[in-house]
Amino acid sequence: MKVVEIKNLTVEYPGVRALDNVSFSIEQNDFLGIIGPNGAGKSTLFSCMLGLNTQYSGSIHFFGEDIRVTKKYLGDVGYVPQKPVFEKNFPATVREVVRMGLRRNGNEKRVDEVLQDVWIHELSHKRIGELSVGQQQRVFIAKALVGDPKILILDEPVTGIDAQSTELFYGILCELNKKQNITIIWASHDLDAVNKLANKVACLDRTLFFHGVSDEFFSNEELVKKYSESSMQKHMHNHVES
Ligand code: ADP
Ligand code: MG
């Protein structure tokens, strides 16, 4: 079953076409890795999918319904932002932050469950700002999970996290996908991790230059090489400009 269908999505900012005629769909229980260099349009794609950016042409359907027509789907979508970093003195505990994601009919028991799911239960009474970036990121997964999403969207979630936290994080994503059957949409720079975890891959660089089964992408040396070269060039370009 298709849970998301994106057709001819085009987004123009003043002077920049961030997405150009992008079409693909996501099946229930997919673990989709979206790879693309900085500026490829990944965050733009997510902001359209989340209904935050409505200045697009083309269409986005969730569960068969056009998101321009209904916002109901948002109740089934969890989102983990790119940089959930709090200042040291932010006056909320881990538990309080997670509780913010609770629905009206949700209960406190669910808060404990998700805290355990992401291995953060022992830290639940700490202030959020006392945690490392990796731990904070897990708190944000918990906050998304406590609303019992069917789909979880993560925007380059391991930027600036140490290797051990990254491994733990990947393990959690796998569990959520395999055991709790949550569809995962995950933007990442980490090709090796995408290769290991995702069953589908989308290669984005304003246009979509590949979408399909992960093995098909990673076993095609030419495609991987083409992707690596173009993203490396972009990286150098950004370096020179900044
Ligand atoms: P990614 O997440 O893949 O790094 P983005 O979606 O953030 O890519 O950006 C895609 C392009 O759109 C970039 O050229 C970026 O500078 C531009 N862009 C992103 N957001 C805005 C905005 N709000 N206004 C103008 N340009 C933007
Ligand atoms: Mg981004």
Side-chain angles (χ1 to χ4, degrees), residues 4 6-26 30-60 62 67-68 74 77-86 133-134 136-138 140-141 143-144 151-161 165-166 169-170 173 184-195 197-198 200-212 214 217 223-224 226-242:
V4 182
I6 291 166
K7 278 193 203 146
N8 306 114
L9 185 67
T10 296
V11 177
E12 305 258 11
Y13 295 119
V16 192
R17 179 167 287 200
L19 292 173
D20 187 8
N21 214 28
V22 169
S23 301
F24 65 98
S25 47
I26 301 167
D30 266 354
F31 192 143
L32 172 68
I34 300 181
I35 53 181
N38 276 332
K42 302 179 295 296
S43 297
T44 298
L45 171 66
F46 290 162
S47 67
C48 294
M49 291 170 75
L50 293 164
L52 302 170
N53 181 350
T54 55
Q55 304 301 304
Y56 60 83
S57 65
S59 68
I60 303 174
F62 269 74
I67 68 167
R68 288 193 196 278
L74 286 174
V77 177
Y79 172 60
V80 179
Q82 194 158 5
K83 278 202 191 103
V85 182
F86 281 99
V133 178
Q136 288 188 26
Q137 215 122 40
R138 298 212 297 279
F140 272 78
I141 298 186
K143 176 170 176 271
I151 300 176
L152 192 59
I153 297 178
L154 306 106
D155 197 350
E156 300 188 59
V158 295
T159 314
I161 297 181
S165 284
T166 303
F169 187 83
Y170 289 161
L173 292 189
I184 292 183
I185 305 168
W186 165 51
S188 177
H189 283 305
D190 187 343
L191 283 197
D192 288 335
V194 171
N195 192 3
L197 301 178
K200 302 276 177 67
V201 173
C203 259
L204 190 67
D205 195 359
R206 285 163 212 235
T207 60
L208 187 68
F209 79 61
F210 177 87
H211 172 261
S214 169
F217 178 76
L223 261 181
V224 175
K226 201 170 134 202
Y227 167 77
S228 308
E229 278 168 3
S230 97
S231 89
M232 187 57 75
Q233 263 167 22
K234 195 96 159 234
H235 185 74
M236 305 285 274
H237 185 72
N238 288 343
H239 248 61
V240 172
E241 280 197 337
S242 58

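Each ligand, and each atom within it, is numbered from 1 in the order the structure gives.
- Side-chain N or O atoms of Ser214 include none that pairs as donor or acceptor with a backbone N or O of Val201 at under 3.5 Å.
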Side-chain atoms of residues 11-18: list all donor-acceptor pairs with protein atoms under 3.5 Å, sequence neighbours left out, distances to 0.1 Å.
from, atom 1, to, atom 2, distance (Å)
Glu12, OE2, Arg17, NE, 2.8
Glu12, OE2, Arg17, NH2, 2.5
Tyr13, OH, Thr44, OG1, 3.0
Arg17, NH1, Asp20, OD1, 3.1

Begin with the C-alpha distance, continue with both residues' side-chain angles, and end with the deciding distance and a verdict on side-chain contact (heavy atoms from CB on, under 4.5 Å) for Asn38 and His189. CA-CA 9 Å; Asn38 276 332; His189 283 305; 3.7 Å; yes
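- Taking the six-membered ring where tryptophan is involved, the planes of Trp186 and Tyr170 are perpendicular, since the angle between them exceeds 60° and thus also 30°.
- Of all protein N/O/S atoms, those under 2.8 Å from the Mg ion (ligand 2) are Ser43 OG, and waters are not counted.
- Summarising the geometry, atom OG1 belonging to Thr10 is positioned 7.5 Å from atom CG belonging to Leu19; distances are rounded to the nearest 0.5 Å.
- Residues of the protein with a heavy atom under 4.0 Å from ligand 1 are Tyr13, Val16, Ala18, Pro37, Asn38, Gly39, Ala40, Gly41, Lys42, Ser43, Thr44, Arg206, listed by chain and number.
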Go through it in stages, so that I can follow the logic: the residues are Ile6 and Leu45, the test is side-chain contact (heavy atoms from CB on, under 4.5 Å), and I'd like the CA-CA distance, side-chain angles, deciding distance and then a yes or no. CA-CA 10 Å; Ile6 291 166; Leu45 171 66; 3.9 Å; yes
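- The ring pair (Phe, Tyr, Trp, His ring centres under 6.0 Å) test applied to Tyr79 returns no partner, not counting sequence neighbours.
- Remark: side-chain polar atoms of Lys42 are not paired, donor with acceptor, to backbone N or O of Ile34 under 3.5 angstrom.
- Ring pair Phe217/Phe210 is tilted by interplanar angle, where 30° to 60° counts as tilted.
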